[in-house]
Amino acid sequence: MRKAGRHFLQIPGPSAVPDRILSAIGQQTIDHRGPDFAKVGLRALDGMKSIFRTDEHVFIYPASGTGAWEAALVNTLSPGDRVLMFETGHFAAMWKKLAEKLGLKAEFIEGDWRSGADPEQIEAYLAEDKAHEIKAVCVVHNETSTGSVSPIAEVRKAIDRAGHPALFMVDTISGLASLDYRHDEWGVDVTVSGSQKGLMLPPGLSFNAASAKAMAANKTAKLQRSYWDWADMVGPNKTGYFPYTPGTNLLYGLNEAIDMLHEEGLDNVFARHARHGAAARAAVRKWGLEVLCATQGQESGVLTAVKLPDGHSADAFRATTLKHYDISLGNGLSKVADKVFRIGHLGDFNDLMLIATLAGVEMGLSQASVPHTKGGVQEAMNHLS
Ligand SMILES: *Cc1c(COP(=O)(O)O)cnc(C)c1O
């Protein structure tokens with residue numbers, strides 16, 4: 001049966017794509033080796049520097065975020081290298097698994113999925129590695145499975161306090177263009193991101209921002225690579241081209257997204273996400289439910305993961321809200337499968353969209369007979385006005 005009105009895609013990525021970006025993507029595909037393409041390519045390569053807040057090189061791949069994870073590792077490391085990762089949640093675990101498949105020795109500092117990475121634990125771990133065998137520290141900035149944010153600037157300081165030369169790699173696939181991020185100022189060597197979250201694009205593009213130290217590591221790194229090799233990209237990128245066919249139409253969309261972000265102002269974009277996160281948490285508290293992130297100051301402005309009371313299925317609740325209110329909420333991943341649902345409040349999003357989203361959740365809680373106190377939406381409205 002036809003469903004009237006617009007579907008609410010409130011998962012923490014892909015986020016809803018604004019009409020302006022859809023129209024930009026709808027332009028004719030052009031010759032990616034012809035003269036007109038250079039403008040498109042240069043605008044995207046240059047524009048992304050302003051989003052990563054870097055003067056260093058940004059690589060753009062026609063790939064999902066997972067591809068850019070792989071690119072970060074294969075471009076800078078050698079078989080058997082030790083890599084330190086922090087278990088913030090499902091995405092940190094997936095990055096670790098990928099590293100192991102590539103032949104790296106990935107080590108986890110275990111976490112409880114309710115906070116970001118802990119700089120002090122990272123410092124202590126690195127201080128033990130007197131021989132400097134650990135070649136990279138990898139941290140997820142916005143852990144999309146839990147809604148916790150890692151203090152990236154503090155992790156940098158912890159690595160420096162330990163006097164450790166490891167490369168610092170950060171996954172901000174779901175943080176970029178929603179949360180404050182500073183590749184250069186925070187001393188990150190490789191930043192990984194993707195198109196379908198804060199950048200408001202469909203899935204299909206991903207990014208590596210690379211420091212001079214990472215570029216130097218690329219020259220001696222022995223992991224096998226071909227498609228992902230930075231060395232093949234640098235030359236063509238200088239004039240706005242790529243070594244193979246780029247995602248031309250997604251690049252049109254990316255250039256539109258970069259314009260939109262600057263028209264609003266990045267700092268305003270970050271403040272908007274923080275405000276919506278706070279309003280969503282106010283609603284959850286009123287409902288008497290628990291926010292999965294248990295660490296004050298680390299709650300994400302991108303999404304809120306909500307625990308259901310014991311004995312209630314988060315997936316059954318999500319199925320009910322989809323059926324009755326045409327809203328897609330994010331599922332719980334791996335360790336928290338069926339225990340939490342995630343409310344995405346990222347991308348091209350405003351106050352009324354948040355209120356409608358929270359209303360869908362509140363009505364769904366009733367519909368699915370999940371015990372709760374009414375008035376969460378009112379609480380969010382109070383917070384916003
Ligand atoms: C979405 C996401 C990924 C995976 O990206 P894909 O585009 O699905 O490959 C990795 N890390 C984080 C933090 C994410 O949010």
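Every value quoted in this text rests on a predicted model; they were computed, and no experiment measured them. Just so you know, residue 1 is the first one in the sequence shown, and it goes up from there. In what follows, every heavy atom counts, from backbone to side chain, and hydrogens, waters and symmetry copies are set aside. Whatever order the structure lists ligands and atoms in, that order sets their numbers, starting from 1.
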Notebook entry, point to check: What is the ring orientation for F341 with F317, classed by angle as parallel under 30°, tilted 30 to 60°, or perpendicular over 60°?
Noted result: tilted
Next item on the list: For E263, look at atom CD and say whether over 12 heavy atoms of other residues, nucleotides or ligands are found less than 6.0 Å away.
Entry: yes
Item checked: Distance, nearest 0.5 Å, that separates CD1 of I109 from CD of E107 -> 9.5 Å
Check: Parallel, tilted or perpendicular: which describes the rings of F91 and W69, with under 30° parallel and over 60° perpendicular?
Finding: tilted
Next item on the list: Go through the steps to decide whether W228 and F59 satisfy the test ring pair (Phe, Tyr, Trp, His ring centres under 6.0 Å), and finish with yes or no.
Entry: CA-CA 9 Å; W228 306 115; F59 297 95; over 10 Å; no
Checklist line | Protein residues having a heavy atom less than 4.0 Å from any atom of ligand 1 | finding: S64, G65, T66, W69, F91, V140, N142, T144, D171, I173, S174, Q196, K197
Margin query: Return the CZ to OG1 distance between F168 and T191, rounded to the nearest 0.5 Å.
Written below: 8.5 Å
